[in-house]
Structures are given as structure tokens and as C-alpha cells.
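Written below as C-alpha cells is the structure these notes are about.
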Amino acid sequence: MDEFERAVEDIFTALNGKMERDWIRKELRRWIAVYGLPLIEAKRGVISKYGGDTSSLSGVFRKINELKPGEGRVDLRAKVISISSKERNVDGMRKIMYYGILGDETGTVPFTAWVLDVELRKGDCIEIKNAYTREWQGHVKLVIGNNTKVSLLPPNSVEVKMESKPAKIVELHPKMGLVEVVGKVLHVEKREVEVDGVTREIYSGVLGDETGEIPFTSWDIEVKKGNVLKISGAYVSTFLGMPQLVFDSRATIEKVEKEIEVKEIPIQIESLEGKGGFNVLIEGVVIDIKSGSGLIYRCPQCGRVLKSSICPVHGKVTPEPDLRIKAIIDDGTGAVMAIFNREQTEKILGMTLDETINKVRENLGNPSVIQEIVEGKMIARPMQLRGDVMNDEKYGLRMLVKEFEFLNLEYIAQKAEKMLEEMGW
Ligand SMILES: [Zn+2]
């Protein structure tokens, strides 16, 4: 019996045989065609319209590979492949949001949850009732909402089809599900941690391919520097506002005899949106210098930037001078706020911290004179920057600059020419 016929039987039973099967078939097809509903929803619709009881429906558990965006009342049995949490501000209240990946024998799906009836851990098998689905970047996401019920099933009662999606490092995103990545181990360190009384080995480092780099954490699987690995069944989590690749003994790891050139080409800022990136190279033009750049004063105890000698936490303090720049870099696809530290700011200004303090003194104590010098030196200039880009829900993309270089206009002109050539001009 196929899925459709099974639905016909369910309706027949739920309506206590009041309607003929042929009539049910026609009605069910009509609901699917006219309302564009998935079979399961059409089935519920027909039953409730003709006075049947939908709560008694059996066998309504869905399979992950048949989920479509925009469905309500989704019941599912699944295994928790990964789970993480983060704090979010909702209407001024700090709320914990959970997110991760669920799997069953047909595939995997990312999920988010605001409330969980039970504390979930990786590997738990669960029954979910009354969840719903949303679209996320062209994929289905399962949402566990306020009216969703989650309960634990016996261990290993759900089998999981580990189906990985091949991806380049630049594409990796925490909401992707399981991925397959080919990359070179650029750096690795081993350490041991105790988890539930068991000592486990963790290898953490950096993996690179021709599109970029990503930090990784490998549980119990030894990873050697210089190896090119094909890792299937890994997932992407978030660490310090940047994506991180995580895998363990359930992943398949193959050594690949192939050289990978970890390229130094700048990536588009657009590709960092909503996720950040580790050690990325970007090129763009400085379009703005944010206030609070130049000479600033910090609380000596907590490092907060102060406008007076009163720290909101430490009271009256003797603020310490510091230099920094917050510059907005735009590459035509998006923008990041690049943050330069004292040493980098001194280099850009061509002045030491002491010289800036003297300069401000000469200008009757007005520190905005330094910000003006920064603006004069940076605005409208093209730059190449390398650093870690953190994604912050409130402030957007922020890069802690590791290396920077001003590009000359000649270089930009050459690049534009090359681009036009490639486009056939
Ligand atoms: Zn303080």
C-alpha cells in the first residue's frame, strides 16, 4: 500500500466507514490539488471537515525527507545528532535558544527550539509532537515551539541515515546539517578532557581549502598536520561568533592523496553574513569611521571605554589612554566593522599614543582631533584586511584585524581591468 492509499484507509477508519473509499480518494486529491497541502495535512483536513477525530490518527509520524517548509502540526521520531544553545534577547528578556540537527532513517534536518520539555543530549532518541517547519535559505528547518511536546524514546530506537552535503569551507554554516568537506589540516593540537568520567581525546586545529579556513574539533579521531582529509558526517557549530567544524567517531574520515592549495584570495563580505568567519581575507573601501575611534580612555580594571572618570562598575577610576579605530569596510557585496588595536592605529596615524595625547592637549583637550586625522587618512581608501570576523546579532559583522594593508588605486584599476577582460569586454 502506498502512502496515499494508507491515508485513504486512515480517513475511512476515522470517519467510521461513513464515506466510500472512492469518494475519499477524490476528496483527498482535491484537497491536495486545490489547497496545495501536503498529504498528511490534507488527510487531517478531510477528517475534521467530515466530523472525524484527528487525535486518534495512528501512524502519522513524518519522515524527515518528506518535510516541506510551512507545515504545521508535525509529529516526528528522531535522534539528536547535535545540540547547542545560545542566549538571545527577546523583548528585553534573556532567553535560551537551542539549535542543532535531528536525524531519522530518511535524512537529517536542522531544528531550533525555544522551550524543551526534557533536557536533550546528543544521541537521545525523541518523539516530537506538534512542531512546525519554516524555510531557511532554501532548506527546511524544524521549529519546536511553545505548543510542541518533546519526550524521550528508548536509546537507539531511531536509526539515522547519515547523509552529508558536500560543501566548500566558505559555504559552511551552523544551520546546514551534516556536511562533507575536503580540506588540509593546517594546524592541530591535542588535549584530553573528562566527559562523564571518561577521558576523551580532542584534536583541535584549522582546516583549509581553496576557499578559506575553519577551526575544527575532532573528538577521539586523530588528525595529523599536513594531511588532506575528506570528512563526511561532520557538522558546523558556532564558537566565539564564528563557524567551527565538529566531528567524532560517527563521521567517516578518509585521507586523500591530493594537494590542496589553501588560497589567499579575498572573499566576498556577503558570504560572511549571519555566521562570521575565521582568519578571512577581505578587500574593500573604507566608507566610514565610527565615533569612539582615535584616542579613547578605558577603565583600568575592566577595559570599558569611559566618557568620564566614572566606570559604571568600578566607580571613580583613573582612566587609561588607548588608541583604536572602528572602520566600516565595504566591498560592494556587504560591509564589516574592522577594529584596529593600539599598535595598528599608531601605524595608520604615524603617531605614538603619547604624541596623540599631546596633540589633544594642544587642541584644548578635544579628542575628536584624532578621529579627524584617522578619517583623513582612511576614508575612501581601498584596503586588504585579514582577521577573525565575528557575527553578532546586535552589531553585525565585526573583524578583529590581524593584518592590514592599504591598496593603491593602480592595483584596483588593474583588477577592474582584469575583471572586464574576463567578462569579455
Ligand atoms: Zn570598570
Side-chain angles (χ1 to χ4, degrees), residues 84-97 215 237-244 272 274-280 286-329 335-379 385-404:
S84 316
S85 63
K86 65 176 167 189
E87 258 187 50
R88 295 239 307 221
N89 241 319
V90 179
D91 302 327
M93 298 231 300
R94 285 145 81 89
K95 279 186 112 182
I96 292 185
M97 190 189 82
S237 72
T238 303
F239 182 64
L240 300 175
M242 288 179 281
Q244 181 193 207
L272 299 168
K275 64 168 191 154
F278 172 78
N279 200 31
V280 296
V286 181
I287 58 164
D288 194 17
I289 302 294
K290 288 302 200 190
S291 66
S293 296
L295 181 61
I296 54 165
Y297 286 85
R298 295 183 187 276
C299 169
Q301 286 179 62
C302 63
R304 265 191 190 78
V305 177
L306 303 179
K307 290 226 162 75
S308 68
S309 56
I310 308 290
C311 170
V313 176
H314 299 101
K316 192 156 172 59
V317 291
T318 308
E320 280 175 355
D322 193 11
L323 289 169
R324 74 154 176 209
I325 296 170
K326 296 193 286 182
I328 306 296
I329 316 287
V336 298
M337 182 195 278
I339 299 165
F340 298 80
N341 64 19
R342 169 177 162 186
E343 197 188 346
Q344 294 161 339
T345 304
E346 285 180 330
K347 208 167 140 195
I348 290 169
L349 284 168
M351 295 166 85
T352 63
L353 177 61
D354 286 341
E355 284 168 344
T356 62
I357 293 170
N358 286 334
K359 185 94 188 165
V360 168
R361 211 168 278 148
E362 284 165 24
N363 280 271
L364 308 167
N366 183 2
S368 67
V369 63
I370 305 300
Q371 170 141 353
E372 281 156 25
I373 300 173
V374 171
E375 285 169 0
K377 294 208 179 256
M378 291 185 84
I379 289 216
L385 304 143
R386 177 183 291 286
D388 295 340
V389 176
M390 280 159 295
N391 178 54
D392 187 298
E393 312 243 326
K394 202 161 153 201
Y395 301 104
L397 296 172
R398 287 185 300 167
M399 173 187 266
L400 291 182
V401 178
K402 290 184 196 163
E403 293 162 24
F404 69 94

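Nothing here was measured: the structure is a model prediction, and the numbers come from that model. Order of appearance sets the numbers: ligands from 1, and atoms from 1 within every ligand.
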Which atoms of the protein, restricted to N, O or S, are nearer than 2.8 Å to the Zn ion (ligand 1)?
C299 SG, C302 SG, C311 SG, H314 ND1
Between M351 and I373, is a side-chain contact (heavy atoms from CB on, under 4.5 Å) present by the stated rule, with each step listed?
CA-CA 10 Å; M351 295 166 85; I373 300 173; 4.3 Å; yes
Modelled atom types, side-chain donor and acceptor of N366 and S368, under 3.5 Å
yes
K377 meets the salt bridge (charged side-chain N to carboxylate O under 4.0 Å, His left out) criterion, sequence neighbours left out, with none
To the nearest 0.5 angstrom, please state how far the CZ atom of R398 sits from the CD1 atom of I339.
5.5 Å
In a table with atom names and distances, give each donor-acceptor pair under 3.5 Å that connects a side chain of residues 292-300 to protein atoms at least two apart or in another chain.
{"unit_1": "S293", "atom_1": "OG", "unit_2": "K290", "atom_2": "O", "d": "2.7"}
{"unit_1": "S293", "atom_1": "OG", "unit_2": "K326", "atom_2": "N", "d": "2.9"}
{"unit_1": "R298", "atom_1": "NE", "unit_2": "D322", "atom_2": "OD2", "d": "2.7"}
{"unit_1": "R298", "atom_1": "NH1", "unit_2": "G303", "atom_2": "O", "d": "2.9"}
{"unit_1": "R298", "atom_1": "NH2", "unit_2": "D322", "atom_2": "OD2", "d": "3.3"}

Salt bridge (charged side-chain N to carboxylate O under 4.0 Å, His left out) filter on K347, not counting sequence neighbours, yields none
